[in-house]
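One structure is given here, and the rest of the page talks about it.
The first residue in the sequence is number 1, and the count goes up from there. Because the structure is a prediction, the values reported are computed rather than measured.
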Amino acid sequence: MSGIEQARKTAEGLEHSAGFGNQHSSEAVPGALPHGRNSPQRAPLGLYAEQLSGSAFTEPRAHNRRSWLYRIRPSAAHPPFVRNGNGAVRTAPFTESVPDPNRLRWDPLPEPAAGTDFLAGLWTLGGNGDATQRAGMAVHLYHANSSMTDRVFSDSDGELLIVPERGGLLLRTELGLLRAQPGHIALIPRGIRFRVELLDDTARGYVCENYGQPFTLPDLGPIGANGLANARDFLAPVAAYEDDDRPVEVVNKFCGNLWSATYDHSPLDVVAWHGNHTPYVYDLHRFNVIGSISYDHPDPSIFTVLTSPSDTPGLAGVDFVVFAPRWLVGEDTFRPPYFHRNVMSEYMGLIEGAYDAKTAGKGGFVPGGGSLHNMMSAHGPDRETFDRASGAELKPQKIDDGLAFMFETRWPVTATGQAATADHLQRGYDDVWQGLSRNFRP
């Protein structure tokens, strides 16, 4: 059986624990999870008790993130880490180029070299803030044609929001297994070790690395108690462990650099756990879209799935926004997104189909590609979309042929040097707004 076939078989019928932010608990072996205390004098079954903290101990209870892990060997049992090459991974502060006010768009990453796994295929487009200050974010893309073998990865700099666009992923994490298909997202918290195995011959997608406050569900305000992403649709793993005495490379991203150590065992050896610092997967097609049923196109904030709050209420370090299938019924309304300039900066990607404000096809906005509109850069529908929407018959219209998303952030996104000079950068992007001629008739 090939590696892909084995991964597919493993991914079939995975069990989950539902609910974003819940206090989950799971044990792969009955009796492995202690009851009534977190750190008994002797943990059950000869395991080691270990707390993994994703927040400071003294943060308010509602914001505190931690999980207790009961593992075969403690994480402290490892040799020294040594520096690795960073490959195409870059980290804030981004100083190799200057923030660019121009509108930028990229085609998908080219096909990777043979034997490229998820980690080797990470490619940083840009970002902002400072990872050492736990502020800001980075936009990465990935392309891979090989599973991670005998190595695992963890990110001390931030949590990873993975958005598959092509090819399914089997994520083997310390807390259990998750399957992420195109149309899903996977959220890997800061510090969680994981390995990525491919469910198809190739894989491609996007990653938001969030240096700041952990992602949470946005408040609903006047929307009320229901809508947008439902907490119960987020699926956490159940405990599943590896008891392997074999060399495993553990790669850790720390303050912008990759470090590695070779363990004599798999660190994915957690037999039981409980807590709320946990990975999740979420099916974006379950997003409950809220929109106008009278007139005007709502602001894109109404499509927020997850948000990383900042010290200013309502001003996110980064929002994750999805433009999911929905009905458009606005009367006397220009239905695609309007022309606008925004204090926030927007990186947009496309998972499938077409986006209703941009022309698809070669040289256009295509799955696997992405656009960057930094703060106050003027953007909106291209000329072809404007002409079509301005004269369209305003009958109820179902938008169900595409799935697009946006990483929106409070600070400008500085493109890396490799992104600013990439062969797949669309150097004629500004042309899509040519032909928006004067229509004024006083």
Side-chain angles (χ1 to χ4, degrees), residues 92 94 99-106 124-130 134-141 158-163 165 185 187 205-221 223 227-229 282 284 287 289-291 297-324 326 336-351 355-358 365 369-381 402-415 419 429:
F94 295 97
D100 191 336
N102 287 296
R103 303 159 297 195
L104 303 171
R105 188 163 72 185
W106 291 264
T124 307
L125 182 138
N128 54 39
D130 188 332
R134 296 183 189 167
M137 53 84 74
V139 178
H140 310 280
L141 291 88
E159 63 182 338
L160 299 175
L161 178 64
I162 302 172
V163 186
E165 177 266 324
I185 58 171
L187 186 62
Y206 311 83
V207 179
C208 177
E209 183 182 17
N210 174 27
Y211 308 136
Q213 288 294 316
F215 277 116
T216 188
L217 296 174
D219 291 331
L220 295 179
I223 294 174
L228 308 186
Y282 172 73
L284 294 171
F287 186 78
V289 179
I290 304 295
H297 188 290
D299 291 334
S301 52
I302 204 72
F303 302 110
T304 301
V305 181
L306 294 167
T307 184
S308 170
S310 75
D311 53 2
T312 303
L315 185 62
V318 57
D319 285 329
F320 175 68
V321 176
V322 64
F323 301 101
R326 61 201 181 277
Y338 43 76
F339 294 105
H340 68 291
R341 292 176 292 162
N342 188 1
V343 71
M344 302 287 277
S345 298
E346 305 170 0
Y347 174 82
M348 177 172 283
L350 186 60
I351 301 168
Y355 177 57
D356 58 330
K358 293 289 186 293
F365 188 43
S371 62
L372 174 60
H373 300 146
N374 262 322
M375 64 174 186
M376 291 303 171
S377 69
H379 58 284
L403 187 63
F405 72 89
M406 189 162 62
F407 302 146
E408 189 173 60
T409 172
R410 65 184 296 187
W411 293 298
V413 172
T414 300
Y429 181 34

- When every non-hydrogen atom of Pro101 is compared with those of Ser377, the smallest separation belongs to O-CB, 3.6 Å
- Are the side chain of Trp106 and the backbone N or O of Ala419 linked by a donor-acceptor pair below 3.5 Å? yes
- What are the two closest heavy atoms between Phe320 and Leu284, and how far apart are they? CE2-CD2, 3.8 Å
- Once you round to the nearest 0.5 Å, how far does OH of Tyr282 lie from CG of Leu187? 13.0 Å
- Note on the structure: Closest heavy-atom pair, Glu159 versus Gln213, reported as atoms and distance to 0.1 Å, is OE2-O, 3.9 Å
- Student check: side-chain heavy atoms of Val318 and Glu408 closer than 4.5 Å: no
- Grab the two heavy atoms, one from Gly212 and one from Ser308, that are nearest each other, plus how far apart they are. C-OG, 4.0 Å
- Item | Flag side-chain contact, heavy atom, 4.5 Å: Pro300 against Phe323 | yes
- Message: When you compare the side chain of Tyr347 with that of Val413, does any pair of heavy atoms fall below 4.5 Å?
- Response: no
- Query: In Å, rounded to the nearest 0.5 Å, how long is the span from CG of Leu350 to CE of Met406?
  - Reply: 13.5 Å
- Output the distance between atom CG (Leu104) and atom CG (Asn374), rounded to the nearest 0.5 Å. 7.5 Å
- Message: Give me the atom names and distance for the closest heavy-atom approach of Ile351 to Glu165.
- Response: O-CG, 3.6 Å
- Query: Taking side chain as C-beta onward, heavy atoms only, is Met344 less than 4.5 Å from Met375?
  - Reply: no
- Message: Closer than 3.5 angstrom, by distance alone: can the side chain of Tyr211 be matched with the main-chain N or O of Ala92 as a donor-acceptor pair?
- Response: yes
- Item | CA sep, side-chain torsions, deciding dist, call: Leu217, Leu306, side-chain contact (heavy atoms from CB on, under 4.5 Å) | CA-CA 5 Å; Leu217 296 174; Leu306 294 167; 3.8 Å; yes
- State the CG-OG1 distance between Asp319 and Thr409, to the nearest 0.5 angstrom. 8.5 Å
- Taking the side chain as every heavy atom from C-beta outward, state whether Val322 and Ile185 have any pair of such atoms under 4.5 Å apart. no
- Message: If we ignore hydrogens and angles and just use 3.5 Å, is the side chain of Tyr355 paired with the main-chain N or O of Phe405 as donor and acceptor?
- Response: no
- Note on the structure: In this structure, CD1 of Ile290 is separated from OG1 of Thr304 (nearest 0.5 Å) by 12.0 Å
- Query: How many angstroms lie between atom CG of Leu125 and atom NE2 of His140, to the nearest 0.5 angstrom?
  - Reply: 10.0 Å
- Is the closest side-chain heavy-atom distance between Met137 and Glu209 below 4.5 Å? no
- Message: Using a 3.5 Å distance criterion without hydrogens, assess whether the side chain of Asp100 forms a donor-acceptor pair with backbone atoms of Asn102.
- Response: yes
- If we only count heavy atoms from C-beta on, is the Ile302 to Ile223 side-chain gap below 4.5 Å? yes
- Message: With a 6.0 Å cut-off (strictly less than), is the heavy-atom count around CZ of Arg134, excluding the residue itself, greater than 12?
- Response: no
- For the residue pair Phe215 and Cys208, what are the closest heavy atoms and their distance? CZ-SG, 4.3 Å
- Task: Measure the shortest side-chain to side-chain distance between Asn128 and Phe94 over non-hydrogen atoms and say whether it is less than 4.5 angstrom.
- Result: no
- Chi angles and distances behind the side-chain contact (heavy atoms from CB on, under 4.5 Å) call for Glu346, Val321: CA-CA 10 Å; Glu346 305 170 0; Val321 176; over 6 Å; no
